[in-house]
2 protein chains.
Amino acid sequence: MNMQTRTPPSSLPDNSYGFSDRIQQQLDHAGRLCALQGGRMTAQRRDVLGLVLSATTPVGAYDLLEQLKTSGRKPAPPTIYRALDFLLEHGLIHRIERLSAFVPCTHLLHDHAHDHSHDHTDACLHSAQFLICRNCGGVTEIADAPRVLDVLKNICGKKNFTMQSASVEVEGLCEDCTHSTTGQKGHTPTPN
Amino acid sequence: MNMQTRTPPSSLPDNSYGFSDRIQQQLDHAGRLCALQGGRMTAQRRDVLGLVLSATTPVGAYDLLEQLKTSGRKPAPPTIYRALDFLLEHGLIHRIERLSAFVPCTHLLHDHAHDHSHDHTDACLHSAQFLICRNCGGVTEIADAPRVLDVLKNICGKKNFTMQSASVEVEGLCEDCTHSTTGQKGHTPTPN
DNA sequence: AGAAGTAATGTAATATTATTACATATCATT
DNA sequence: AATGATATGTAATAATATTACATTACTTCT
């Protein structure tokens with residue numbers, strides 16, 4: 001292996017990055033979700049997901065690459081892209097096309113008291129809607145808007161188009177940035 | 001200048017590429033539209049738009065670059081990106097984020113017997129919806145689906161999000177490709 | 001027409017994002 | 001332990017996009 005990093009050895013599962021308890025819970029939940037789909041949540045993938053979960057705004061692949069380097073690994077682009085592909089395929093993250101960057105699926109971010117795995121899979125796999133703020137860079141997933149997807153399904157039905165995935169990206173100014181006159185990156189986007 | 005190309009000098013407006021009559025009409029219409037917005041439709045921009053109009057599937061920036069080289073010019077990337085930016089800003093083309101490629105705005109493709117300029121500007125500027133076929137590469141703009149945009153506006157209203165632009169991209173199989181069992185790129189996408 | 005200012009284009013270099021191809025290692029099962 | 005499948009390492013390169021600065025062309029004003 002190559003685990004002679006500065007991070008102290010831990011009995012917890014693979015916490016090379018000192019992820020917060022909350023994020024570790026999310027990671028555990030993600031692990032369960034992808035196990036259900038027959039996927040293997042390796043340490044590498046877990047770390048990448050953890051980094052995406054830790055960010056307050058979408059993260060680029062090469063950003064992640066840099067961050068991964070601070071651990072004991074020396075990853076190259078394919079490493080990160082493979083991890084991202086895996087996470088995308090299992091609906092754990094989404095790609096924001098307009099930013100070439102990645103965010104966690106919102107379902108991972110909320111409470112996991114009950115088993116919402118079915119909801120998650122149904123709703124998130126390869127489809128998502130986002131509000132992207134041009135000022136603060138914050139991105140909000142609008143998972144509570146099934147209507148959008150319904151309308152799209154309807155249209156596709158009429159046109160005999162077989163929908164496999166869909167993305168909706170709205171760019172503009174979030175509530176906070178709309179009201180701030182400063183024109184500066186005036187606030188921290190509401191964290192995930 | 002640099003107009004010693006093989007293309008014979010023409011009395012028609014800048015038809016370096018031998019665009020069809022239909023495309024020239026569309027180009028003329030586009031010229032009128034962007035004049036209304038105070039834009040200058042130069043020969044370069046016209047040629048780029050013509051090439052986008054001529055393609056049956058979305059075209060990448062570097063594809064266009066190659067094609068432009070066959071004329072008397074020796075363009076570099078900024079040339080093409082500037083032209084594309086101009087055309088985007090004036091709602092004459094759209095960018096398909098998932099493909100990093102460009103298509104003409106559907107409003108240019110249909111008949112221009114009457115003045116739909118207002119419709120065009122309202123509807124196309126910075127917002128569009130697409131069905132993207134993974135098999136044949138064809139892309140259909142669904143301009144007849146204001147409902148999608150309405151739903152989005154509604155959501156943004158509730159969240160106090162100021163929408164500046166929106167894109168909806170649905171990926172899957174078009175009607176023809178859904179029905180063809182071949183698994184091959186079995187047909188030419190319905191032309192623009 | 002000539003001068004001045006603005007808008008557009010040319011050019012070289014480089015940044016950013018993503019993939020290919022092939023070697024090695026790890027895991028799960030027998 | 002041997003096998004096959006899955007995952008990761010590594011080097012090279014492809015594809016997409018931007019920066020910074022020089023030059024040219026258009027427009028307007030006198």
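Every chain is numbered from 1, with letters handed out A, B, ... down the list of sequences. This structure is a prediction, so every number in the text was calculated from the model and none was measured.
Contact annotation for B:Arg40: backbone-only contact, meaning every heavy-atom pair under 4.0 Å involves sugar-phosphate atoms and none involves a base.
Atom CZ in A:Phe86 sits roughly 9 Å away from atom P in D:dT8 (whole-Å rounding). The separation between B:Glu66 atom CD and D:dA14 atom P is 14 Å, rounded to whole Å. Atom P of nucleotide C:dT9 and atom CG of B:Leu64 are separated by 15 Å, given to the nearest angstrom. If you measure from atom CD of B:Gln44 to atom P of C:dA8, you get 12 Å, rounded to the nearest angstrom. Taking atom CG of A:Leu84 as the reference point, atom P of C:dA18 lies 9 Å away to the nearest angstrom. Spacing between atom CG of A:Asp85 and atom C1' of C:dT17 amounts to 13 Å, rounded to whole angstrom units. Here the P atom of nucleotide C:dA7 and the CD atom of B:Gln37 are 16 Å apart, to the nearest Å. Going from atom CD1 of A:Ile80 over to atom P of D:dT10 covers 14 Å, rounded to whole Å.
Annotation: salt bridge (charged side-chain N to carboxylate O under 4.0 Å, His left out) contacts of A:Glu97 (sequence neighbours excluded): A:Arg95.
Distances were taken from every side-chain heavy atom of B:Arg95 (C-beta onward) to each of D:dT10, C:dT9, D:dA17; the shortest belongs to D:dA17. Nearest nucleotide to the A:Ser100 side chain, out of D:dA17, C:dA18, D:dG9: C:dA18. Of all nucleotides listed (C:dG10, D:dT8, C:dA28), D:dT8 comes nearest to the side chain of A:Arg45.
Residues B:Leu99 and A:Ala83 both approach DNA chain D. Their nearest nucleotides, taken by heavy-atom distance, put A:Ala83 toward the 5′ side.
Here B:Thr42 does not reach the OP1 or OP2 of D:dC26: none of its side-chain N or O atoms lies under 4.0 Å away. Taking only side-chain nitrogens and oxygens, A:Thr79 never comes nearer than 4.0 Å to OP1 or OP2 of D:dT8.
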**Asked** Would A:Lys159 and B:Glu175 count as a salt bridge (charged side-chain N to carboxylate O under 4.0 Å, His left out) if you check the C-alpha gap in whole Å, the side-chain angles of each, and the deciding distance to 0.1 Å?
**Response** CA-CA 7 Å; A:Lys159 297 195 184 281; B:Glu175 176 159 22; over 6 Å; no
**Message:** Pair A:Leu152, B:Val148 - check side chain to side chain contact (heavy atoms under 4.5 Å, CB included), show working.
**Reply:** CA-CA 7 Å; A:Leu152 289 178; B:Val148 183; 4.0 Å; yes
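With hydrogens and angles disregarded, no donor-acceptor distance shorter than 3.5 Å links the side chain of B:Glu171 to the backbone of A:Met163.
To the nearest 0.5 Å, the span separating CG on B:Leu65 from OH on B:Tyr81 amounts to 8.5 Å.
Under the 4.5 Å side-chain criterion, counting only non-hydrogen atoms from C-beta, A:Ile23 is in contact with A:Ser54.
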So which protein N/O to nucleotides 12-14 of chain C N/O distances come out below 3.5 Å?
none

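Residues B:Asp85 and B:Arg45 are not paired through a salt bridge, judged by the lack of any N-O separation under 4.0 Å between the basic side chain and the carboxylate.
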